[in-house]
Amino acid sequence: MVPVIRARTHDVVIVGGGLFGLVLAEQIATRCAASVVVIEREHHLGGLCWSKRDAHTGVEYNPYGTHVVATSDPRVWGWITSRVRMVVYEHTVHAAVAGQLVPLPLGLEAIEAAYGRKLSPDQARATVEADAAPYRDGPVDSVRDLALAQVGTRLYETFVRGYVSAQWGTDPAQLSPEVFADRFGISFTPSRGYHPGARWQGLPCGSYSALIDPLADHSRIEVHLGRDYLRPPRPRYQRLMVVTTPIDAHFGHQLGPLQRRSLHVDWRLVDAEQAQRASVVTYPDGTSPHYRSHAPALLPWNHGQEKTGSVLVGFESAGPGPHQIDFVLRSPPNTELAAKYGQLATARSDVLLAGRGTTFYDDMSTTIGHALALADRLVPDLT
């Protein structure tokens with residue numbers, strides 16, 4: 001059943017019950033006397049950070065993939081740790097290459113695996129530079145050109161070509177370089193994990209529900225699940241509506257849709273003897289139908305929780321499917337179109353578009369930081 005918005009008019013309506021919307025709602029409700037209603041289209045809170053317990057194995061997992069908090073922002077870490085106990089965990093993603101697991105992002109271990117020999121950092125740098133040099137002055141018309149100029153032939157063939165092909169469903173030679181906002185990261189020292197620059201890393205003790213659910217547990221916050229705010233009856237408010245859902249959909253795609261990439265995560269039970277030995281593994285050789293897999297039983301919040309001889313594994317693949325995620329591409333045309341939609345949003349002072357849904361994907365710590373900053377801006381006017 002679709003819940004009906006009550007006749008009561010709140011001070012603030014927040015569209016989207018993901019991490020951004022919930023942090024903002026909690027900040028408004030606790031820092032001033034404004035009443036807030038959160039409207040969420042799905043039947044759960046948390047957005048992509050939502051977690052739940054698998055009935056068969058007993059493990060806690062993120063249906064949309066593995067999420068780890070990593071930040072160097074003391075305010076963000078302080079906000080999180082004041083609300084939930086964190087398990088310290090330095091996240092590492094591995095690549096399955098020639099029967100071994102190689103830590104990512106590309107570092108000394110990956111370079112040695114690609115070239116098949118032990119190398120010092122200086123030798124690794126010289127080897128990769130020599131391999132990439134012939135491609136440095138050529139035209140960059142594709143992701144293949146971009147990668148070859150940055151990491152050379154051997155690393156491209158070992159770690160990039162097959163992975164990108166599976167991730168995008170397109171050969172890198174046919175994929176525009178515009179879809180990659182950042183360069184292919186590489187270092188010439190041993191890998192320091194997936195978030196090497198983060199001062200703090202961890203997982204909420206038990207589950208993300210322990211962090212997310214209490215955010216809406218406030219007398220001035222009301223939550224409506226399974227509700228599309230674009231369908232009547234439209235939400236009523238006295239002061240402000242904050243929309244964290246896709247900006248192009250909010251305006252009926254009147255300027256055209258933002259270009260997106262879809263992926264999905266298909267969860268299956270795998271025999272324990274055949275299961276992977278790392279929490280997140282990528283498959284860069286191009287022979288697997290999926291490009292990444294997740295084994296949440298190996299995350300520290302699940303230690304001792306596995307109850308059966310089967311392991312829950314999520315296989316991440318390109319295109320539509322179960323637990324689908326649609327990412328807005330960080331390309332110049334999308335940036336320009338999002339800016340035009342942003343200009344439309346300025347026409348109404350009582351409607352504010354914010355959060356991940358309006359433009360591009362941010363990690364958890366960035367999302368929390370942006371929500372706290374927006375609350376700083378809004379609370380004085382709502383008080």
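Predicted model only: the values in this text are computed from it and were never measured.
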Whether [X] side chain and [Y] backbone form a donor-acceptor pair below 3.5 Å:
X    : Y    : result
R348 : T346 : no
H10  : R236 : no
W267 : P63  : yes
Y208 : H67  : yes
H218 : R220 : yes
R227 : R231 : yes
D11  : L382 : no

Worksheet item: Distance only, no hydrogens: is a donor on one side chain within 3.5 Å (strictly under) of an acceptor on the other, for Q324 and D326?
Response: yes
Discussion item. With clusters defined by side-chain heavy atoms of hydrophobic residues (ILVMFWY) lying less than 4.5 Å apart, directly or transitively, does Y194 cluster with L298?
Written reply: no
Worksheet entry | H44: ring-ring contact (aromatic ring centres under 6.0 Å, His included) partners, not counting sequence neighbours |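 H44 satisfies ring-ring contact (aromatic ring centres under 6.0 Å, His included) with W50 once adjacent residues are dropped.
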Discussion item. Could you check whether atom CG of D137 has more than 12 heavy atoms from other residues, nucleotides or ligands sitting under 6.0 Å from it?
Written reply: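 Open: at most 12 neighbouring heavy atoms sit under 6.0 Å from CG of D137.
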Item to complete: For the pair R268 and D266, find out whether any cationic side-chain nitrogen is under 4.0 Å from an anionic carboxylate oxygen.
Response: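 Looking at R268 and D266, the cut-off is met.
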Discussion item. Suppose we call two aromatic rings close when their centres sit under 6.0 Å apart. Are H290 and Y283 close by that rule?
Written reply: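 Yes, the ring of H290 comes within the 6.0 Å limit of the ring of Y283, centre to centre.
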Fill in: ring pair (Phe, Tyr, Trp, His ring centres under 6.0 Å) contacts touching residues 330-358 (sequence neighbours left out)
F251-Y341
Fill in: Cation-pi geometry met for R261 and W168 (6.0 Å, 45°)
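Output yes; distance and angle both within limits.
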Practice prompt. Using the six-membered ring wherever Trp is involved, compare the ring planes of H323 and Y64 and label them parallel, tilted or perpendicular (cut-offs 30° and 60°).
Written response: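 Perpendicular, since the angle between the ring planes exceeds 60°.
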